[in-house]
2 protein chains.
Amino acid sequence: MSDTKQKILDTAERLFGEQGFGAVSLRHIIAEAGVNLAAIHYHFGSKEELLLEVVMRKVQPVNERRLALLDRAEAEAAPGAPPVEKVLEAFLLPPALLAGQSPDFMKLMGRLHAEGSATAIFLKHFEPMINRFREAFQKALPDLPEEELAWRTHFMIGAMAHMLTGPPERRPATSGEDPCRVAGYLIAFLSGGLRAPALAPALVAVLKENQ
Amino acid sequence: MSDTKQKILDTAERLFGEQGFGAVSLRHIIAEAGVNLAAIHYHFGSKEELLLEVVMRKVQPVNERRLALLDRAEAEAAPGAPPVEKVLEAFLLPPALLAGQSPDFMKLMGRLHAEGSATAIFLKHFEPMINRFREAFQKALPDLPEEELAWRTHFMIGAMAHMLTGPPERRPATSGEDPCRVAGYLIAFLSGGLRAPALAPALVAVLKENQ
DNA sequence: GTCTATACTGAGATAGAC
DNA sequence: GTCTATCTCAGTATAGAC
């Protein structure tokens with residue numbers, strides 16, 4: 001990779017992390033990086049795509065670590081399947097540790113997560129990993145209807161994303177601000193949710209009455 | 001409220017809903033509303049604050065309905081406290097119904113939710129309601145340590161927000177696309193999570209080893 | 001293939017007349 | 001309260017030097 005491209009990525013990562021995506025203009029970045037404005041568009045095409053590369057550079061190792069932990073859990077549980085808790089651990093621990101190290105960076109993730117524009121590219125990078133985990137959850141919860149498992153996975157991602165990228169002023173205080181402790185809270189919570197009995201038709205009826 | 005202000009709010013709500021916040025310029029809005037550009041800054045101060053008012057106008061009734069349902073659940077359970085499921089129902093059903101009616105609008109909520117800037121004002125409007133619900137959850141789950149309950153509430157809000165405002169292409173398919181059914185899935189999931197046993201210290205130790 | 005200089009279009013914001 | 005005119009600054013596009 002060229003030196004210019006490298007400098008742009010490093011500077012953008014720092015400035016985006018410190019001040020947020022919207023607050024940092026391309027002209028701020030080129031001033032600090034000592035490069036030309038057009039170099040950004042030459043190497044990345046647009047500000048959005050620059051952000052995407054900045055984020056992906058840090059997220060890739062997290063996803064690799066997730067898969068490695070899942071591999072290990074499956075090897076340990078063979079010939080059976082690992083329990084929900086172990087799958088959750090593999091999925092949640094790597095990003096929780098990253099969040100503990102660089103909270104600023106996670107705010108950027110939150111932006112990408114909330115934006116529609118980058119979703120397609122985002123999904124492409126995550127899909128192989130997500131699919132591996134979906135299978136693992138299905139094996140750990142064989143009795144749950146498929147549609148309900150899909151929704152529970154959706155809820156899980158929401159809870160995780162909010163924990164990782166949510167605004168700091170809304171985060172509860174934690175003894176020691178220990179990322180492992182918070183990850184533990186989340187694993188306990190999610191395993192309870194994933195293991196809950198499937199939705200009873202009676203509840204849907206009650207909800208319809210109240211609407 | 002002046003006619004100009006009303007026209008701006010109505011037009012902004014429609015355009016933001018149809019095309020998203022970033023894609024709609026103030027100049028689009030004034031063209032369709034037939035008002036002057038400066039009128040927006042006179043009445044709202046900035047584009048961000050306009051969005052905030054647009055959103056709040058629709059969210060206020062939802063919060064009122066939440067409190068009314070909680071009141072009713074508490075009256076029915078007196079002299080005891082309502083179970084977690086009933087509290088969740090009061091909290092989740094009103095926004096789920098709104099999301100079913102106007103999915104476009106919920107994407108705007110997602111933006112506010114993800115942005116740091118509006119958080120303070122956002123919080124001020126939600127705090128009284130959130131506090132009422134926090135108390136209700138505490139009464140329904142008297143054995144859970146306070147710190148852990150705070151985190152579980154945080155996770156709950158993340159799961160709800162992701163269900164309501166998440167990108168449509170990531171939402172699982174649902175039989176009949178019934179908002180009550182999805183709300184039911186969420187209530188079943190969250191009551192399992194909230195009722196889960198408190199975090200075991202052993203789990204934290206295991207996580208620390210793997211880090 | 002890389003990078004620089006410069007120009008273009010459209011955004012949100014504002015001062016001051018009415 | 002409302003409008004005109006104007007300002008500043010953003011992201012983007014292109015022509016051409018190395």
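Reminder, nothing fancy here: chain letters follow the sequence lines and each chain counts from 1. Only heavy atoms go into these numbers, but all of them, side chains included; no hydrogens, no water, no symmetry mates.
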- Query: In terms of ring plane angle, is the pair B/F21 and B/F16 parallel, tilted or perpendicular, where the classes change at 30° and 60°?
  - Reply: tilted

- Item | Whole-Å distance separating the CE atom of A/M1 from the P atom of C/dG1 | 17 Å

- Query: Side-chain N or O of A/H41 less than 4.0 angstrom from OP1 or OP2 on D/dT12?
  - Reply: yes

- Under 4.0 Å between a Lys/Arg side-chain N and an Asp/Glu carboxylate O for A/E76 and A/K86? no

- Query: Looking for any heavy atom pair under 4.0 Å, which part of the strands does B/I40 touch: base, sugar-phosphate only, or nothing?
  - Reply: nothing

- Calculate the interatomic distance between B/H43 atom NE2 and D/dT2 atom C1'; express it in whole Å. 8 Å

- Map A/N36 and A/R27 onto DNA chain C by nearest heavy atom, then report which one ends up closer to the 5' terminus. A/N36

- Atom CZ of B/F44 to atom P of C/dT14: distance rounded to whole Å? 16 Å

- Query: Are B/K5 and B/F44 in a cation-pi setup, meaning NZ or CZ lies under 6.0 angstrom from the ring centre and within 45 degrees of the ring axis?
  - Reply: yes

- Please report, rounded to the nearest Å, how far the C1' atom of C/dG10 is from the CD1 atom of B/I29. 15 Å

- Query: With a non-hydrogen cut-off below 4.0 angstrom, is A/A38 in contact with a base, only sugar-phosphate, or nothing?
  - Reply: base

- OP1 or OP2 of D/dC9 under 4.0 Å from side-chain N/O of A/H28: no

- Could you tell me the separation between the CG atom of A/L70 and the CZ atom of A/R132, rounded to the nearest 0.5 Å? 4.5 Å

- So, is A/S2 near the phosphate of C/dG1, with a side-chain N or O under 4.0 Å from OP1 or OP2? no

- Applying side-chain hydrogen bond (donor to acceptor under 3.5 Å, both in side chains) to A/R72 and not counting sequence neighbours gives B/N210

- What integer distance in Å separates A/K47:NZ from D/dC9:P? 15 Å

- Task: Check DNA chain D against residues 7-15 of chain B and give the residues with a non-hydrogen atom under 4.0 Å, in numerical order.
- Result: none

- Starting from P on D/dA15, measure out to OH on A/Y42 and report it in whole angstrom. 17 Å

- Message: Between C1' on C/dG12 and CD on B/E49, what's the gap in Å once rounded to a whole number?
- Response: 13 Å

- Output for pair (A/L199 CG, A/L144 CG), nearest 0.5 Å, gives 10.0 Å

- Those residues that, when tested against B/F126, pass ring pair (Phe, Tyr, Trp, His ring centres under 6.0 Å) (two or more places apart): B/F122

- For A/F21 and D/dA10, give me the distance from atom CZ to atom P, rounded to whole Å. 13 Å

- By nearest-nucleotide position on DNA chain C, the 5'-leaning member of B/L26 and A/K5 is A/K5

